[in-house]
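Just below is one structure, and these are the notes that go with it.
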Protein chains: 2
Amino acid sequence: MNINIAILGFGTVGSGVAEVLDMNRASITEKTGRNIVLKHILDLREFPDSPYKDLVTHDAEEVFNDSELDIVVETIGGARIAYEFTKRALSLGKSVVTSNKELVSTHGVELLKIAAENNCSYLYEAAVGGGIPIIRPLYKCLAANEIVKIAGIVNGTTNYILSKMKDDGLTYEEALKGAQANGFAEANPTADVDGIDAQRKLSILSTIALNGRYVAPDRIHTEGISNLTLDDIEFEKEIGATLKLIAYFSKAEDGRPCIYVAPHYVSGSNLLSNVGGVFNAIMVEGNALGESMYYGKGAGMLPTASAVCSDILEAATTGGRPSESRLWREEGADITPYEDIVCDIVVRSAEGTDKLKEAFSGYDVSVLSGNAVLVKSIRHKDIDLTGLPGAKYFHYLG
Amino acid sequence: MNINIAILGFGTVGSGVAEVLDMNRASITEKTGRNIVLKHILDLREFPDSPYKDLVTHDAEEVFNDSELDIVVETIGGARIAYEFTKRALSLGKSVVTSNKELVSTHGVELLKIAAENNCSYLYEAAVGGGIPIIRPLYKCLAANEIVKIAGIVNGTTNYILSKMKDDGLTYEEALKGAQANGFAEANPTADVDGIDAQRKLSILSTIALNGRYVAPDRIHTEGISNLTLDDIEFEKEIGATLKLIAYFSKAEDGRPCIYVAPHYVSGSNLLSNVGGVFNAIMVEGNALGESMYYGKGAGMLPTASAVCSDILEAATTGGRPSESRLWREEGADITPYEDIVCDIVVRSAEGTDKLKEAFSGYDVSVLSGNAVLVKSIRHKDIDLTGLPGAKYFHYLG
């Protein structure tokens, strides 16, 4: 059976989708009984050297007026034209698959609703963790669990920078330049290094973990890595931990979720501490399953295309019928204010551990090194570093 | 919508299924729109102290004659009565979900065919990796990939024993006794320590990786861990690697798969080397995705029940309609004979590295320590230890 698709936006991911579908055509057809036919590529650019150049059009009408079109692949990015095209495709009853974390995290509620109303699917496995299977495992494989915790390295750019600072002793600025030279960071790296990309992905993961109760990205307290110093990195060895930018979700005792993005010292005994370079890994704890982890390439042409193609095949084999469980709710989730979140922190001060223990008396404090302690279960608003000049604290993940 | 289920075999996993469904009932219903009703428990035993005691019956006819039954959970184990019950349920058009690796690996071809013929599903997410999502990710999330490699720690008992030998300096016999005392190994540990359990799981993973071309367990060369000595374990430190029982699948240059179970020295830079205790982890490489890894609890009541329940919910929400891609083929896969498989090995000999280099001249050999070398890309039948008295070799995973 032929399934006709159009790719909107023929950049890295879009062209990767075309390549993966051709590279594995025989195997895909054998497995699914479907032959995926790329009919249109919508892009403003020409691709004179591409084997797909004859499929390129600049005219969106040509795509949307094709009554034989089954599935639309949105790999444009951003939340403007991609938003308009996605709404239009779903309104026509065409399933849309995407890697666009910005669009899913900001307009997911509306777009999933339009899909359901038009009996088609809006699928976004590639929006979190690149090629790593995570959206479908959360929805399907952990369906019988309550998700109690998520801790993820979900941004490859920042993980690459942190790995380079650690392994090669580079400053943040040097490591960022190297990442840009190697194509692992964009010319304007803000979305990555300030944690915005991780924030969008955590918005999606949290919403799913809360059975569709929407957590908008701008409600998530977010810290990036641009203020980290080589001292912070070198301190890793002293305490046997590694600095990682962690997207964090957990259920507090009252059941309300605690959600934030911030650098964490991750204990050497935690598998996440060994996830280096541009790799991503996401730890998910379910109340039946316990801890599980998903690891792989969080970005890149073919890995991300692998995830997009898995959604194409899902839409193709289910006839586009949406799963009701995938709907998000308009009302929004009731989340814990950042100031009230209870966490574990590492505090470092040249004043020494006696002063530190004094400052955090009343808490469960353990000494990590000559000038650092681990303080357990402290509320953010109770973290008080006055009286400890030059002291610095980070979150800790055991 | 109510979905009526019966649990056949109320042991650890079966009772875990009942517990998970009750524990997370509200959340499951919210997510899926289905209320899973446990109607029958078939077991030879009585469970006078169980909250489910009133559902227990010893009469299979009571279960199979219930026309309102939707899904059968087979958690009996083995391939005798479980086989008969599964055939009967599928023939009646009732979907069956199971954690029974022995039955799936030996009769999967026939049972999946009966399911397809009767428009229902035979699902076995829990048969490999316990609670870890692996079957569905392989089928769905990596659907657009050719699977080129799998390396898995798929047996928790052996991993626990190896971890104890390493961490506590116990002999194999001591570690096994400890595992039995802690409930991590059975009184008759043969299926685990001889690698039979891993063989069955690899049979399932390989068959899926080959698009349903069946790899029967008895075609898989299998070595267990019962011959490992403390010397083998202590040698780990010398070469910065950890001994793990690995279920291995890869595509040879001619496209034919290489499939075997054997202890491997796993390099410290490989995440699998850090998977300790009863945890499982499976590395899967796709030709688009690259390397990915799935980690979690490979056994235990609630983790395994978590996977069984995910299959119950899949069968419930799809109305039991089978996915054609899940069929296995009768013809069987064309696999590389063990003797012809090319692999990397670590060879240890008191004769020293000069003698070792001489014995493996013509190969890519690197010195690992004073009395051990790594030999790359050698065919099994060409491994010749004559002339190296007392020498020993193991597979190596970089």
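A note on names: the letters A, B, ... follow the listed sequences, proteins ahead of strands, and every chain is numbered from 1.
- Formation of a donor-acceptor pair under 3.5 Å by the B/Lys140 side chain with backbone atoms of A/Glu314 is not found in this model.
- Closest approach of A/Ala288 to B/Val20, counting heavy atoms only: CB-CG2, 3.8 Å.
- Under a 3.5 Å cut-off, the side chain of A/Asn211 and the backbone N or O of B/Lys31 do not form any donor-acceptor pair.
- B/Glu30 and A/Arg329 are joined by a salt bridge, as a carboxylate oxygen and a charged side-chain nitrogen come within less than 4.0 angstrom of each other.
- How far CZ of B/Arg136 is from SG of A/Cys141: 4.5 Å, rounded to the nearest 0.5 Å.
- Atoms CG and OG, from A/Leu289 and B/Ser310 in turn, are 9.5 Å apart once rounded to the nearest 0.5 Å.
- Counting non-hydrogen atoms of neighbouring residues, nucleotides and ligands closer than 6.0 angstrom, the NZ atom of B/Lys251 exceeds 12 such neighbours.
- How far OG of A/Ser292 is from CD1 of B/Ile134: 12.0 Å, rounded to the nearest 0.5 Å.
- Residue contact with chain B, scored on non-hydrogen atoms closer than 4.5 Å, is absent for A/Asn280.
- In terms of heavy atoms, B/Asn274 sits closest to A/Asn274 at ND2-ND2, 3.3 Å.
- We find the CG-SG distance between B/Leu142 and A/Cys309 to be 11.5 Å, quoted to the nearest 0.5 Å.
- Taking a 6.0 Å sphere around NZ of B/Lys244, one finds it holds more than 12 heavy atoms contributed by other residues, nucleotides or ligands.
- With a 4.5 angstrom heavy-atom cutoff, A/Ile135 does not touch chain B via any of its atoms.
- Among A/Asn24, A/Thr304, A/Leu271, A/Val308, the residue making the largest number of heavy-atom pairs under 4.5 Å with chain B is A/Asn24.
- Per-residue heavy-atom pair counts under 4.5 Å with chain A were compared for B/Gly276, B/Gly296, B/Pro133, and the maximum is reached by B/Pro133.
- The distance from atom CD1 of B/Ile132 to atom CD of A/Glu291, rounded to the nearest 0.5 Å, is 12.0 Å.
- Taking each heavy atom of A/Leu313 and B/Ala143 in turn, the nearest pair found is CD1-CB, 3.6 Å.
- Note: A/Asn145 leads A/Val284, A/Asn145, A/Ile28, A/Asp311 in heavy-atom pairs under 4.5 Å with chain B.
- The choice from B/Gly286, B/Ser27, B/Gly16 that makes the most heavy-atom pairs within less than 4.5 Å of chain A is B/Ser27.
- Heavy atoms closer than 4.5 Å to chain A are found in the side chain of B/Met23, but not in its backbone.
- Summarising the local packing, CD of A/Glu330 is surrounded by 12 or fewer heavy atoms from other residues, nucleotides or ligands at distances under 6.0 Å.
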